[in-house]
Amino acid sequence: MSSPAQRRQQILDDIARAAIVAKRDPADVQLIAVSKGHPVELIEQLIDVGQRDFGENRVQEALSKWPALIARYPDLRLHGIGQLQSNKAAEAVRLFDVIHSVDRVSLLDALAKEAVKADRRPAVYVQVNIGEEQQKGGCPIDEVGPLIEAVRDSSLPLAGLMAIPPQGVEPSPFFALLAKIARRHDVNGLSMGMSSDYKAAVMLGATAVRVGSALFED
Ligand SMILES: *Cc1c(COP(=O)(O)O)cnc(C)c1O
């Protein structure tokens with residue numbers, strides 16, 4: 001049996017080793033603890049050992065868990081990582097410090113409009129449908145350039161590109177492709193890598209990894 005705090009330390013060590021292999025600075029990789037489906041008691045065990053970046057993929061669940069925690073720990077950063085409907089933009093802007101799932105101009109516009117009302121400026125990642133899958137969220141690869149430009153023209157800071165590779169196949173080629181698209185557009189941030197593949201993602205340039213089950217489940 002291990003605790004979330006012990007698993008976090010293991011993951012941080014893995015991230016540091018992978019970064020060093022890739023001749024990168026481990027400090028350039030942010031560990032986002034994806035707490036969807038997990039209770040506040042486990043989240044607090046991670047806060048106690050210094051974890052500050054957390055990810056949730058549903059606005060409703062995040063609203064039920066996070067406002068009280070954020071009031072107690074004002075330096076927490078909450079990341080919205082799930083698909084987002086424009087009618088949730090107002091809640092998303094008030095709740096999330098970073099939004100990883102901006103995949104269309106209409107959503108960007110809705111967020112920017114609500115950001116003015118709320119006087120907040122969440123940073124946004126452009127989510128790319130890197131495997132060109134029918135059902136998957138994310139912007140088609142050939143529309144990424146214009147969407148990046150739209151973010152740069154908006155009031156919201158561009159955090160980078162985000163992607164979720166197709167399931168059941170080797171993810172590394174997709175991480176490499178996302179990194180290549182980012183370089184082509186002079187984008188620095190790369191949100192890629194989850195429990196099963198964060199080491200590969202770090203070797204290929206991830207600046208943020210989104211890890212859930214490997215942290216929260218024994
Ligand atoms: C759930 C989720 C994760 C974390 O997945 P694990 O495999 O549990 O690490 C990462 N990114 C997104 C977008 C998710 O929805």
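Note that ligands are numbered from 1 as they come in the structure, with each ligand's atoms numbered from 1 the same way. All values below were derived from every heavy atom in this structure, side-chain atoms included, with hydrogens, water molecules and symmetry-related copies excluded.
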Return the residue, atom name and 0.1 Å-rounded distance of the protein heavy atom closest to [atom].
atom	result
atom 14 (C) of ligand 1	Lys36 NZ, 3.0 Å
atom 8 (O) of ligand 1	Ser213 N, 2.8 Å
atom 10 (C) of ligand 1	Met194 SD, 3.1 Å
atom 9 (O) of ligand 1	Ser195 OG, 2.5 Å
atom 12 (C) of ligand 1	Ile81 CD1, 3.4 Å

Under 4.0 Å from any heavy atom of [X], which atoms of ligand 1 are there?
X	result
Arg210	4 (C), 9 (O), 10 (C), 11 (N), 12 (C), 13 (C)
Val211	9 (O)
Asn57	15 (O)
Ile164	13 (C)

| message | Taking Glu114 first and then Lys117, would you say they form a salt bridge - that is, a charged N and a carboxylate O separated by under 4.0 Å? | response | yes
| Hey, are Arg52 and Asp75 close enough for a salt bridge, meaning a charged N less than 4.0 Å from a carboxylate O? | yes
| Are the side chains of Ser35 and Glu56 in touch, meaning some heavy atoms are under 4.5 Å apart? | yes
| message | Donor-acceptor pair, distance only, cut-off 3.5 Å: does the side chain of Arg94 make one with the backbone of Ala90? | response | yes
| field | Side-chain donor or acceptor of Arg77 paired with backbone N/O of Asp97 under 3.5 Å | value | no
| query | Any nitrogen or oxygen of Gly212, main chain or side chain, under 3.5 Å from a nitrogen or oxygen of ligand 1? | reply | yes
Tell me which donor-acceptor pairs under 3.5 Å the side chains of residues 174-193 have, and how far apart each pair is, sequence neighbours excluded?
residue : atom : partner : partner atom : Å
Ser191  : OG   : His100  : ND1          : 2.9
Ser191  : OG   : Arg210  : NH1          : 2.9

| query | More than 12 heavy atoms of other residues, nucleotides or ligands under 6.0 Å from NZ of Lys113: is that the case? | reply | no
| task | Determine the interplanar angle of the His38 and Phe216 rings, folded into 0 to 90°, and report it as parallel if under 30°, tilted if 30 to 60°, perpendicular if over 60°. | result | parallel
| task | Record the part of Leu215 in heavy-atom contact with ligand 1 below 4.0 Å; permitted values are side chain, backbone, both and neither. | result | neither
